[in-house]
> 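Take this structure first; my questions come after.
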Amino acid sequence: MVGNPNLRIGLFDSGVGGLTVLRQIYHRMPNESVLYFADTARLPYGTRSSEEILGLVREILDWMSRQGVKMIIMACNTSSALALETVRQEYDIPILGLILPGARAAVQQGKRIGVIATPATASSNAYRQAIQEIDPTAKVWQVGCPEFVMLIESNQIYTPYTKQVAQSYLQPLLDRKIDSLIYGCTHYRHLEAVFHSILPTSVNIVDPAEYIAIAAEQELELMGLKNNGRALPTRFCVSGSPRKFARLSQQWLGCVPPVEKIYLREPSNFSITLNPQPLDN
Ligand code: DGL
């Protein structure tokens, strides 16, 4: 059912990266209810082939369509880079991706633009193409960062090793004297403190999560689909371990969320709910 302002916005990622987009949705559109899906059983996405990513995305979109959402936000750059154009033709729900909002914001901020992203997003050239379509004079360097997602998903955010890895991914961009840096993967904002300790203050950081939230708000407004009532609590669903997701995400959500384990291919009413439990240390 499309076209009902009371429906939720569907938002998905492979894991906790999408929480950086969720935060922006809460900030800009506090009245909107959200269905958050994390495909944690199958992460990382960024080292998979484009055919695999398209297949995973179609399964998620089919499941979300069955849940009844009014819009779907791909809170995953890898899916946005490799699957958005194809699936937009296949579903009659508005589907938003991160690349265009991110590229538009980046050209406002600089001319020498670095992109850190998953290997799949970096090699797709999606950001370079989108940026140079808007500003052909902009220079773009993209670095694939295969280790970041698993370091974040295993909560190794503040370790010396993570800082060392970040330094090695950023150095080639620093050597190019970038003036702005795009977080080309939604997970990376969780490493903000690490990046700030490495980057000179002259480098503008562009987080596409902020701009996709603006784009989503504009689109809902245009379609007359903004919710004017109160938001329902976010429904969190995962394909992997609900407990692991709840435990990891509490540092960004400020509470331990109730998380459901769902089976994308099962009928939509089949799920196991994990009630919020006090966490042992
Ligand atoms: N957070 C996602 C992205 O923005 C996916 C990361 C992954 O699973 O590799 O690309």
Side-chain angles (χ1 to χ4, degrees), residues 10-25 36-57 59-61 72-85 87 95-103 105-106 114-128 130 142-157 162 165-166 169 181-192 194-195 205-213 215-216 236-241 244-245 248-249 252 264:
L11 193 151
F12 76 88
D13 181 39
S14 61
V16 294
L19 297 178
T20 62
V21 178
L22 181 64
R23 197 157 53 192
Q24 299 298 329
I25 302 285
Y36 185 103
F37 174 68
D39 199 1
T40 52
R42 304 187 292 188
L43 68 77
Y45 275 18
T47 46
R48 291 176 182 272
S49 70
S50 53
E51 291 76 24
E52 276 180 297
I53 291 161
L54 186 56
L56 299 174
V57 167
E59 274 182 28
I60 296 169
L61 296 181
I72 296 177
I73 297 181
M74 289 184 168
C76 169
N77 286 269
T78 310
S79 307
S80 308
L82 291 140
L84 179 63
E85 263 180 49
V87 295
I95 307 174
L96 272 61
L98 289 146
I99 309 295
L100 200 55
V115 183
I116 45 173
T118 64
T121 301
S123 55
S124 76
N125 269 320
Y127 271 109
R128 173 175 292 140
Q142 304 162 109
V143 175
C145 309
E147 286 202 64
F148 277 156
V149 168
M150 293 320 277
L151 287 170
I152 295 162
E153 290 286 338
S154 57
N155 205 12
Q156 294 182 63
I157 294 171
T162 299
V165 169
Y169 292 149
L181 176 74
I182 300 180
Y183 290 156
C185 169
T186 50
H187 278 78
Y188 297 173
R189 178 95 180 233
H190 296 317
L191 294 175
E192 195 170 30
V194 180
F195 296 135
I205 299 215
V206 180
D207 182 1
E210 291 173 24
Y211 304 97
I212 196 173
F236 290 97
C237 300
V238 295
S239 54
S241 159
K244 188 168 176 239
F245 183 86
L248 181 62
S249 56
W252 300 295
L264 289 175

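Both ligands and their constituent atoms are indexed starting at 1 by order of listing.
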> So, S80 side chain and G97 main chain: donor-acceptor pair closer than 3.5 Å or not?
no
> Quick one: which ligand 1 atoms are inside 4.0 Å of a heavy atom on S14?
5 (C), 6 (C), 7 (C), 8 (O)
> Ignoring hydrogens and geometry, is there a side-chain-to-backbone donor-acceptor pair from E153 to V16 under 3.5 Å?
yes
> Answer yes or no: does atom CD of E52 have more than 12 heavy-atom neighbours from other residues, nucleotides or ligands under 6.0 Å?
yes
> Can you list the ligand 1 atoms lying under 4.0 Å from a non-hydrogen atom of G46?
7 (C), 8 (O), 9 (O)
> Minimum heavy-atom separation for A83 and L54, please, with both atom names.
CB-CD1, 3.8 Å
> Just let me know how C185 lines up against ligand 1, side chain, backbone, both or neither, with a heavy-atom cut-off below 4.0 Å.
both
> Can you tell me the protein heavy atom closest to atom 7 (C) of ligand 1 and the distance?
Y45 N, 3.3 Å
> Given D13, V21, T47, T118, identify the one with the heavy atom nearest to atom 2 (C) of ligand 1.
D13
> Kindly give the heavy-atom pair with the smallest separation between L82 and I53, and that separation in Å.
CD1-CD1, 3.7 Å
> With a 6.0 Å cut-off on ring centres, are Y45 and F12 close enough?
no
> Once you restrict to heavy atoms under 4.0 Å, what part of V149 touches ligand 1? Side chain, backbone, both or neither.
side chain
> Number the atoms of ligand 1 from 1 as they appear, then name those within less than 4.0 Å of a heavy atom of T78, with their elements.
3 (C), 5 (C), 10 (O)
> For N77, take its heavy atoms, then give the atoms of ligand 1 lying under 4.0 Å from any of them.
3 (C), 4 (O), 10 (O)
